[in-house]
Amino acid sequence: MPKKITVLLGSPRRNGNSDTLAASFSKGAAESGFKASSIRITGLKIGGCIDCRRCWTNRAQHCFLNDDMKDVYAEIDKSDVITFVTPLYFYSWSTQIKPVWDRLLPYFHPKSKVDLKGRRTVLIATAGDDDPSCFDGLKKSFELACDHSKWEIAGLLLAPGLHDANEAQNSEEWLKRAFDMGKNLG
Ligand SMILES: Cc1cc2nc3c(=O)[nH]c(=O)nc-3n(C[C@H](O)[C@H](O)[C@H](O)COP(=O)(O)O)c2cc1C
């Protein structure tokens, strides 16, 4: 069985910079035998966590809310590598992907039926700013979340200087770095 990667696409901009780098990453990962499947979050109905403390109480499903997050849970449950893809929005996660993070709460519930400890994870982020320090807050957020989740960070691709939607497509350097990160996942 090939190892499975779930790629959570967090930009509302189809074929924009983060999509492009995620596609290149997936191609590289496919070359080293992974099966990557992408989920475009934009267009899905995924509400924010409402802190109802009813994880696993609705017919033993992860979350009490009945929305498209159930499809994301199903993919994450069986993933070896979970990849978060986001444009930098005000030094943080995109509006689209942040609710997905919050809805991971059921996995940390004492009654969780799925143990994600030890899973591998990747972050791909793009930003308009040329200064790589613009990612400091996002990177810290990711690292703390992975530490809390006991996930191993298998790759970090933080690409600054990409503003217009087609800039990643025209950057051989970033396309190659994304591809290589996928190929070297091992
Ligand atoms: C609402 C919003 C907030 C943004 N905030 C930042 C920011 O804080 N720093 C930055 O460098 N770029 C910021 N950007 C620019 C995007 O991060 C950048 O264009 C990115 O490459 C877009 O990726 P995409 O094409 O995958 O959507 C912002 C863009 C939007 C729409």
Side-chain angles (χ1 to χ4, degrees), residues 4-31 34-50 67-69 71-72 75-76 79 81-104 120-148 151 153-185:
K4 179 175 167 50
I5 304 182
T6 295
V7 181
L8 301 166
L9 299 172
S11 173
R13 197 150 73 160
R14 193 178 276 267
N15 300 325
N17 296 315
S18 58
D19 268 22
T20 299
L21 297 186
S24 195
F25 165 76
S26 294
K27 260 191 225 155
E31 278 212 3
F34 283 84
K35 184 177 181 312
S37 52
S38 299
I39 300 179
R40 182 173 301 285
I41 296 164
T42 300
L44 297 182
K45 185 173 166 268
I46 299 180
C49 173
I50 56 168
D67 62 12
D68 292 335
M69 190 64 198
D71 301 328
V72 180
E75 289 297 311
I76 287 178
S79 280
V81 183
I82 306 160
T83 300
F84 295 88
V85 181
T86 184
L88 191 71
Y89 278 6
F90 285 89
Y91 304 97
S92 189
W93 302 97
S94 73
T95 318
Q96 289 71 25
I97 207 163
K98 180 59 167 61
V100 173
W101 272 108
D102 296 343
R103 296 284 296 283
L104 297 182
R120 302 173 78 205
T121 183
V122 169
L123 171 63
I124 296 173
T126 58
D129 198 329
D130 289 325
D131 183 344
S133 71
C134 66
F135 291 113
D136 287 356
L138 178 78
K139 182 168 172 271
K140 192 74 194 170
S141 164
F142 182 64
E143 288 170 347
L144 289 169
C146 293
D147 192 45
H148 173 262
W151 292 348
I153 297 178
L156 267 180
L157 191 78
L158 306 173
L162 303 174
H163 193 70
D164 294 339
N166 62 353
E167 286 185 74
Q169 286 165 34
N170 296 327
S171 167
E172 273 181 37
E173 184 203 339
W174 284 112
L175 289 170
K176 180 170 177 349
R177 284 173 71 168
F179 181 87
D180 288 347
M181 188 169 75
K183 194 163 177 194
N184 295 328
L185 266 183

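Everything numeric in this text was worked out from a predicted model, so none of it was measured. Counting convention: from 1, in listed order, for ligands and their atoms alike.
- For the ring-ring contact (aromatic ring centres under 6.0 Å, His included) test, no residue two or more places apart in sequence or in another chain qualifies with Trp174.
- Inter-residue side-chain proximity for Phe25 and Ile5 is flagged as met; some heavy-atom pair is nearer than 4.5 Å.
- Of the possible polar contacts, none joining the Asp102 side chain to the Cys49 backbone as a donor-acceptor pair under 3.5 Å is found.
- Partner Thr86 forms a side-chain contact (heavy atoms from CB on, under 4.5 Å) with one of Leu123, Ile124, Ile41 and no other, that one being Leu123.
- Residue pairs meeting the salt bridge (Lys or Arg N to Asp or Glu O under 4.0 Å) criterion with at least one partner in residues 158-174, sequence neighbours excluded, are Glu173-Arg177.
- Around ligand 1, the residues contributing at least one heavy atom under 4.0 Å from the ligand are Ser11, Arg13, Gly16, Asn17, Ser18, Pro87, Leu88, Tyr89, Phe90, Tyr91, Thr126, Ala127, Gly128, Asp129, Leu162, His163.
- Under the salt bridge (Lys or Arg N to Asp or Glu O under 4.0 Å) criterion, Arg13 pairs with no residue, sequence neighbours left out.
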